[in-house]
Engineer: 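Structure below; questions to follow.
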Amino acid sequence: MPVKIYIPCDTTALAMGADEVAKTVEFQSREAGLSADIIRNGSRGLFYLEPLVEVATARGRIAFGPVEPEDVPGLIETLMEHGDVFEGKHPLYLGLTEEIPYLARQQRLTFARAGIIDPFSIADYQAHDGFEGLKRALALIDSAGPQGIVDEVKNSGLRGRGGAAFPTGIKWQTVLDTPAEQKYIVCNADEGDSGTFADRLLMEADPFTLIEGMIIAGLAVGANQGYIYLRSEYPQADKILNQAIKTAYAQGYLGKNIQGSGQHFDLEVRLGAGAYICGEETSLLESLEGKRGLVRAKPPLPAIEGLFGLPTIVNNVISLASVPVILAKGGDYYRDYGMGRSRGTLPVQLAGNIKQGGLVELAFGETLHNLVFDFGGGTFSGKPAKAIQVGGPLGAYLPQAQWHTPLDYEAFAANNAVLGHGGVVVFDTSVDMAKQARFAMEFCKIESCGKCTPCRIGSVRGVEVIDKIISHDNQEQNLELLNDLCDTMELGSLCAMGGMTPYPVRSVIEHFSGDLLKTVTGNEQQE
Amino acid sequence: MTKLSEQQYQVVVKSVADKKALPGALLPILHDIQDQLGYIPKAAIDIIAAGLKQTAAEIYGVISFYHHFRLDKPGNHLVEICRAEACQAMGSEALEQEIKSKLGIDYHQTSKDNNVSLEPVYCLGNCACGPSVKVGERVYGRMSGEKFSQLMDKLSTYVVELGQGENHAS
């Protein structure tokens, strides 16, 4: 029997050379006369070990990593010599994948299948409990109607992974209660926050979960058309999703009469075009309609007047991908994870200057410190960490004193910080926090949709004022002006782009003022 | 305005015809044209506008809103450097300077030999292994100035290698 060798095909694995490794494994095993079956699985999210090569054995899957092409001949040799007993026989040997502490200590619900299955294989998905949630949803439709599904999601306590952390079940209820001929399910896959890759990983490692979640959402509110609005920066996710959708149609999970149930759901991927603002739900809808992604004033909520003016669920990838497990195992099962009002699990993404970057899915409540220093192993550079930005470019920079804050929406809000999409970006002591404050404004300047003045003009003025502060031009007055400007943006902007850009800026003023007010040494002005 | 070549004209007309019935058809049409031609020629705007029964100003407004769409022809390779925070934490700012000086161009410019166009990008989703650079469809992690030079050398000799490779492959 051929030996099964798993080599991931997610963006990060590829970025670290997984294709070259796969080619070398193919060539070397042929040369060595080893019969190998290479499976391009998704990544488990242990990105610091990518490319992570796994070999299936009677004991389970054994991991080696990070593997470079030049390591392959030795690896194949070890495989030939020692059968499936490699312990201590190869320098990259990591033992059973499932027992690698980084993975073993996680609580994987949404990412349970990530890296295990072949993302292109619907049979593999089914063999790992795929479509159990859909089966239950179809049964609920027959017994309790769509309300039965909505109740299960409400009961789970699931909250949206955008900035607002709005309860998903309530949103669904609104769409269910709004009568209309046509309704839509829109998946917000415009994961533009730096430091986040949970959506991308999910779509590349287990695309059928998202498809299943969207079908269930459609059944729950009476929508038969779904769109995945995907960032154009994610070509690999685009390729895998489209292939998975094609397969789902061929196997009768999409289209008319899903699995003989008489239910109907169509799904399509639509690509964005490099505008961060389109991650905001109303901008996203404008973009889907073929327009400039300008923010809409709310109300009306998209749940009532969304895509093409019709009731629309707009949910993030992780929200929708968490629905199958909630339906399969029950809302209670999901709700029993977590703390306070933050229920279930949070896929945290460890990024930036970090030794062991990757995805960690855990129940809400773990501290940032444990994640960064325990799972993450501290900084990549080996220098002490100085600041940790959580929640993307609109999230606050947390100083050391706040690293013991538990990951919980309310606990973060109490620190004037946000959890957002769970992106954690670590900076070491070489960072100049004044530059980071400036960049927050610059990013807003580049990405503002331009519809409202506080965001469009405020960001331009913000860059100027911070430049003045950095160059010691009337520092005190300009700092006051910057605070004033932050008030205006926070209170006057139409959406979170302008409204939250002050978060990182203010966190720098509050916790890292030393960098902002430091003595000028030479010309530090940029651009 | 430069006229469309016959091939460009066919691509634009076919894209519009194929996709105009889609709800919210404009972005799919623009993507399709850019994927095939590498950019959206200005002369295509009137054809798209007529097909969608919109004004040329509306179409131009959409193209100019999105960073991804371009009205000018790019070089043979589109290089995108991630400028977002996770990559900054791994020294992307210095990398940007190094790449710009190696290529002798700034962002939104194309090298004189037409080999490379350079664009900034804000997050490629490879934030655990930064700094990241994308060349065409492919992302490269843990990028350094030296690795970038090797990559560029490889890309500029690609055509030659491909020719040899085909001979060896059989």
Side-chain angles (χ1 to χ4, degrees), chain A residues 11-12 14-16 47-48 50 191-197 199-201 231-237 270-276 287-294 307-308 349-354 357-359 380-381 389 392-393 423 425-428 430-431 435-436 439 443 446-447 449, chain B residues 19-20 22-32 34-35 48 52 54 58-70 80 82-94 106 119-134 136-143:
Chain A
T11 299
T12 294
L14 295 179
M16 300 308 283
F47 288 146
Y48 64 103
E50 291 295 0
E191 181 188 44
D193 285 354
S194 172
T196 62
F197 43 75
D199 293 1
R200 178 187 65 65
L201 180 60
R231 331 183 55 215
S232 55
E233 291 87 342
Y234 287 179
Q236 182 70 357
R270 283 291 175 91
L271 280 185
Y276 176 78
S287 184
L288 259 181
E289 290 180 8
K291 302 174 197 160
R292 295 162 71 94
L294 298 184
L307 188 61
F308 303 113
Q349 297 118 95
L350 301 178
N353 197 324
I354 193 154
L359 179 111
F380 184 82
S381 62
Q389 187 180 33
V425 178
V426 181
F427 290 81
D428 72 8
S430 65
V431 68
K435 277 188 181 171
Q436 298 312 119
F439 180 77
F443 184 67
I446 297 164
E447 296 296 341
C449 83
Chain B
K19 299 192 184 298
K20 69 176 181 187
L22 288 174
L26 182 51
L27 262 65
I29 289 172
L30 296 176
H31 271 297
D32 194 31
Q34 182 157 306
D35 285 350
I48 302 168
L52 295 181
Q54 285 183 279
E58 281 171 315
I59 307 301
Y60 179 77
V62 170
I63 296 170
S64 60
F65 182 83
Y66 296 95
H67 302 307
H68 177 83
F69 295 131
R70 50 193 309 146
E80 296 170 279
C82 181
R83 289 195 69 212
E85 287 86 344
C87 284
Q88 287 173 19
M90 288 298 286
S92 65
E93 208 189 320
D106 204 340
E119 296 289 341
V121 64
Y122 297 86
C123 198
L124 297 166
N126 188 42
C127 321
C129 298
S132 305
V133 165
K134 189 163 163 236
E137 294 276 278
R138 167 129 193 222
V139 178
Y140 295 85
R142 298 269 185 253
M143 188 48 70

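Note on naming: letters A, B, ... go to the chains in the order of the sequence lines (proteins, then strands), and numbering restarts at 1 for each one. Quick caveat: nothing in here was measured; it's all calculated off a predicted structure.
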Engineer: Under a 4.5 Å heavy-atom cut-off, does chain A meet the side chain of B/Pro23, its backbone, both or neither?
Structural biologist: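 For B/Pro23, heavy atoms of backbone and side chain both lie under 4.5 Å from chain A.
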Engineer: Could you walk me through whether B/Arg83 and A/Ser194 pass the side chain to side chain contact (heavy atoms under 4.5 Å, CB included) check?
Structural biologist: CA-CA 9 Å; B/Arg83 289 195 69 212; A/Ser194 172; over 6 Å; no
Engineer: Taking the six-membered ring for Trp and the full ring for Phe, Tyr or His, determine whether the centres of A/Phe443 and B/Tyr122 are under 6.0 Å apart.
Structural biologist: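 Under 6.0 Å, so yes.
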Engineer: Identify which of B/Leu26, B/Val121, B/Ile59, B/Asn126 forms the greatest number of heavy-atom pairs closer than 4.5 Å to chain A.
Structural biologist: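 With the most close heavy-atom pairs to chain A, the winner is B/Asn126.
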Engineer: Which atoms of A/Ser287 are under 4.5 Å from chain B, going by heavy atoms: the side chain, the backbone, both sets, or neither?
Structural biologist: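 A/Ser287 touches chain B through backbone and side-chain heavy atoms alike.
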Engineer: Distance-only, no hydrogens or angles: does the A/Arg270 side chain make a donor-acceptor pair with backbone N or O of B/Leu27 under 3.5 Å?
Structural biologist: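 Not a single qualifying donor-acceptor pair exists.
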Engineer: Within the 4.5 Å heavy-atom criterion, are A/Cys449 and B/Phe65 side-chain neighbours or not?
Structural biologist: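 A/Cys449 reaches B/Phe65 side chain to side chain.
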Engineer: Shortest non-hydrogen contact from A/Phe427 to B/Glu85?
Structural biologist: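 Minimum heavy-atom contact is CZ-O, 3.6 Å.
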Engineer: Taking all non-hydrogen atoms of both residues into account, name the closest pair between A/Ile354 and B/Arg142 and its distance.
Structural biologist: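 Taking A/Ile354 first and B/Arg142 second, the nearest heavy atoms are O-NH2, 4.4 Å.
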Engineer: Of all the heavy-atom pairs spanning A/Gly195 and B/Cys127, show the shortest one and how long it is.
Structural biologist: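 Minimum heavy-atom separation between A/Gly195 and B/Cys127: N-SG, 3.2 Å.
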Engineer: Answer with side chain, backbone, both or neither: which region of A/Glu50 has an atom nearer than 4.5 Å to a non-hydrogen atom of chain B?
Structural biologist: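 Neither part.
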Engineer: Quick one: of A/Leu307, A/Asp199, A/Val431, A/Leu288, who has the most non-hydrogen atom pairs under 4.5 Å with chain B?
Structural biologist: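 Highest number of pairs under 4.5 Å: A/Leu288.
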Engineer: Out of B/Ala25, B/Gly141, B/Gly125, B/Gly130, return the one with the most heavy atom pairs under 4.5 angstrom to chain A.
Structural biologist: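 Winner by heavy-atom pair count: B/Gly125.
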Engineer: For the side chain of A/Tyr48 and the backbone of B/Ala128, is there at least one donor-acceptor N/O pair under 3.5 Å apart?
Structural biologist: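 Side chain of A/Tyr48 to backbone of B/Ala128, a donor-acceptor pair under 3.5 Å: no, none is there.
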Engineer: Examine whether an atom of B/Val139 lies under 4.5 Å from a heavy atom of chain A, and if so say whether it belongs to the side chain, the backbone or both; otherwise answer neither.
Structural biologist: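 Interface part for B/Val139: both.
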Engineer: Is there a side-chain contact between B/Gln88 and A/Val425 in this structure, where contact means two heavy atoms from C-beta onward sitting under 4.5 Å apart?
Structural biologist: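 The answer is no, as the side chains (C-beta and beyond) never meet within the 4.5 Å cut-off.
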Engineer: Please look at A/Leu359 and chain B and tell me whether the side chain, the backbone, both or neither of the residue comes under 4.5 angstrom of a heavy atom of that chain.
Structural biologist: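 Looking at A/Leu359, nothing touches chain B.
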Engineer: Against chain B, label A/Tyr276 side chain, backbone, both or neither, depending on which of its atoms sit under 4.5 Å from a heavy atom there.
Structural biologist: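 Interface part for A/Tyr276: neither.
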Engineer: What is the minimum heavy-atom distance between B/Ala89 and A/Gly352, and which atoms define it?
Structural biologist: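 For B/Ala89 and A/Gly352, the tightest heavy-atom pair comes out as CB-CA, 4.1 Å.
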Engineer: To check you understand the geometry: which heavy-atom pair defines the closest contact between A/Phe47 and B/Cys129, and what is its length?
Structural biologist: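 A/Phe47 and B/Cys129 have their closest heavy atoms at O-SG, 3.7 Å.
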Engineer: Heavy-atom pairs under 4.5 Å with chain A - which of B/Ile63, B/Val133, B/Val62, B/Leu52 has more of them than the others?
Structural biologist: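 Winner by heavy-atom pair count: B/Val62.
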Engineer: Would you mind checking which part of B/Ser92 comes under 4.5 Å of any heavy atom in chain A, side chain (CB onward), backbone (N, CA, C, O), both or neither?
Structural biologist: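 For B/Ser92, there is no contact with chain A at all, as no heavy atom is under 4.5 Å.
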Engineer: Contact part of A/Thr196 toward chain B, heavy-atom cut-off under 4.5 Å: side chain, backbone, both or neither?
Structural biologist: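 Just the backbone, heavy atoms under 4.5 Å.
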Engineer: Could you tell me whether the side chains of A/Glu233 and B/His68 share a donor-acceptor contact shorter than 3.5 Å?
Structural biologist: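 There is no such pair (donor and acceptor under 3.5 Å, judged by atom type) between the side chains of A/Glu233 and B/His68.
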Engineer: Looking only at heavy atoms, what is the nearest atom pair of A/Ala275 and B/His67, with distance?
Structural biologist: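 The answer is CA-CD2, 4.4 Å.
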Engineer: Any side-chain heavy-atom pair from B/Glu58 and A/Lys291 closer than 4.5 angstrom?
Structural biologist: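 They are not in side-chain contact.
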Engineer: At a 4.5 Å cut-off on heavy atoms, which part of A/Gln389 comes close to chain B: side chain, backbone, both, or neither?
Structural biologist: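 The side chain, not the backbone.
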